[in-house]
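Report on the following structure.
All chains are named by letter (A, B, ...) in the order of the sequence lines, taking the proteins before the strands, and each is independently numbered beginning at 1.
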Number of protein chains: 2
Amino acid sequence: MVDESAVPGGRRLRADARRNRELVVAAARTAFAEDGLAISFDEIARRVGVGVGTVYRHFPTREALFEAVLLDRVRQFVADAVALADADDPGRAFLGFVTAVIDQLALNQALCEALEASAGVGFETAPTVERDFLDAVGTLLRRAQQAGAIRSDLDVVDVRDILVACATAQRRASRRGGTSRLVAVVCEGMTSAEDARS
Amino acid sequence: MVDESAVPGGRRLRADARRNRELVVAAARTAFAEDGLAISFDEIARRVGVGVGTVYRHFPTREALFEAVLLDRVRQFVADAVALADADDPGRAFLGFVTAVIDQLALNQALCEALEASAGVGFETAPTVERDFLDAVGTLLRRAQQAGAIRSDLDVVDVRDILVACATAQRRASRRGGTSRLVAVVCEGMTSAEDARS
DNA sequence: GACTATATGGAGGGATCTCTCCGGTTAGCA
DNA sequence: TGCTAACCGGAGAGATCCCTCCATATAGTC
């Protein structure tokens, strides 16, 4: 977690600036989750009740705002994955991680978009975070595969696709007041015995 | 397939109008497939090399253009599903249908968006087509479930979610020059024996 | 070739979004 | 309390996009 009371130069923000910054972050957190990364700065400023200039001063780019609002979530995923890396039951650890991440992603449109991007907003200012994520998930995956719990033809990029796909389906389902069974299907498919593979 | 040489009133289009209409349809087909339903009319006009007024005259709304360009695809899906409704092997029929539709959807961004919408562009001018689609897929699904080939807790909405999710993953994978294994995982998960269901 | 219904292009008005700039305001300090 | 650096709001320029309108061009017909 970065110290939000200081600007990169180290100088301490004035009280009103700090207050506005926090309001912007809070509004952006909600807006990103609901509407994704495409939310306009005008709209964020309108919701907070400040001028758009104030938003731009604190966050010159959409990436900067993303970093302040959402990057910690991804870092938390990495930490969770690392913590599970030497679990007793690698298959259970992997599936637990996957379903937990899907639940989080389903609540957050922007996080899905950033994760699936490869060509989008999100990790420009912190290029290693995406790699850390894939590395940590890859470790969990490999251990689960070595334990025979997960089909061996999957790679970490497949897993990322699966996370995003399931989260998207889950979010759509919850909008219509239900739950997507895609998650259950995918977990079943990832764990089932290896045969009839092309 | 509608007769594209006539307007709804039945009057025959002038030759230049017919030519332009076809150019617009061709450009829209490509643009929809690549960029989805959000492609602007200005952009389509620019690609065709006509004025934007010409595009609007032929297709007053995005839905009208969608209908001219893509609705036949959905109708074809329905026809395929109906044709498979009394296949000898319902499980095989269902899975074959699903993978074929995914392959088509993966080539067409707009078709995915329309199918997943519920709240989007696409079926406004032909409201029965979406229902026909769900009905036909539902029939295939039920027969496959009765034959014990597909897990019984899935409904047709799950299947629609699965189609869109797999197609999206497939398209992303093909953009990076590969193939998504999500389809294989999902097929495995849909067919596996019923146990450990929550 | 002339006439006319039909079709065309693109200007234009309204809306939204991005990002910058600067006159006015205020927090924090002496 | 008064000063000043820091901060604020929002106007405004430039870029799209949507959709309409009408002067101009032309296909089809006589």
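In this entry the distance linking CG of B:Leu37 with P of D:dC17 reads 16 Å, nearest Å. One interatomic measurement links the two molecules: CZ of A:Arg57 to C1' of D:dA5, which rounds to 13 Å at whole-angstrom precision. B:Arg12 has its CZ atom 15 Å from the P atom of D:dA27, to the nearest Å. Between A:Glu63 atom CD and C:dT18 atom P the separation is 12 Å, expressed in whole Å. Regarding A:Leu13, its CG atom lies at a distance of 19 Å from the P atom of C:dT26, rounded to whole Å.
With D:dC8, C:dT8, C:dT18 as the candidates, the nucleotide lying closest to the side chain of A:Arg62 is C:dT18. Of the listed nucleotides (D:dC18, C:dA27, C:dT8), C:dT8 has the atom at the smallest distance from the side chain of B:Ala17. Comparing C:dT18, C:dT8, D:dG9 against the side chain of B:Asp16 picks out C:dT8 as the nearest. Closest to the side chain of B:Asn20, out of C:dT8, C:dT18, C:dG28, is C:dT8.
Comparing A:Arg14 and B:Ala15 by the nucleotide of DNA chain D whose heavy atom lies nearest to each, the residue mapping closer to the 5' end is A:Arg14.
The closest donor-acceptor contact from the side chain of A:Arg181 to the backbone of B:Asp153 lies under 3.5 Å.
Among the protein residues, A:Phe41 comes within range of the sugar-phosphate backbone only, with heavy atoms under 4.0 Å from sugar or phosphate atoms but none that close to a base. Within the 4.0 angstrom heavy-atom criterion, base atoms lie near A:Asp42.
Of the residues in residues 43-53 of chain A, A:Val52 come within less than 4.0 Å of DNA chain C through at least one heavy atom, sorted by number.
Taking the C1' atoms of five terminal pairs at each end of the helix from C:dG1-D:dC30 to C:dA30-D:dT1, the two resulting helix axes are inclined by 10°, rounded to 10°.
For the residue pair A:Asp161/B:Gln170, the side-chain donor-acceptor check at 3.5 Å is not satisfied. With 3.5 Å as the limit, one finds a donor-acceptor pair spanning the side chains of B:Asp80 and B:Gln76.
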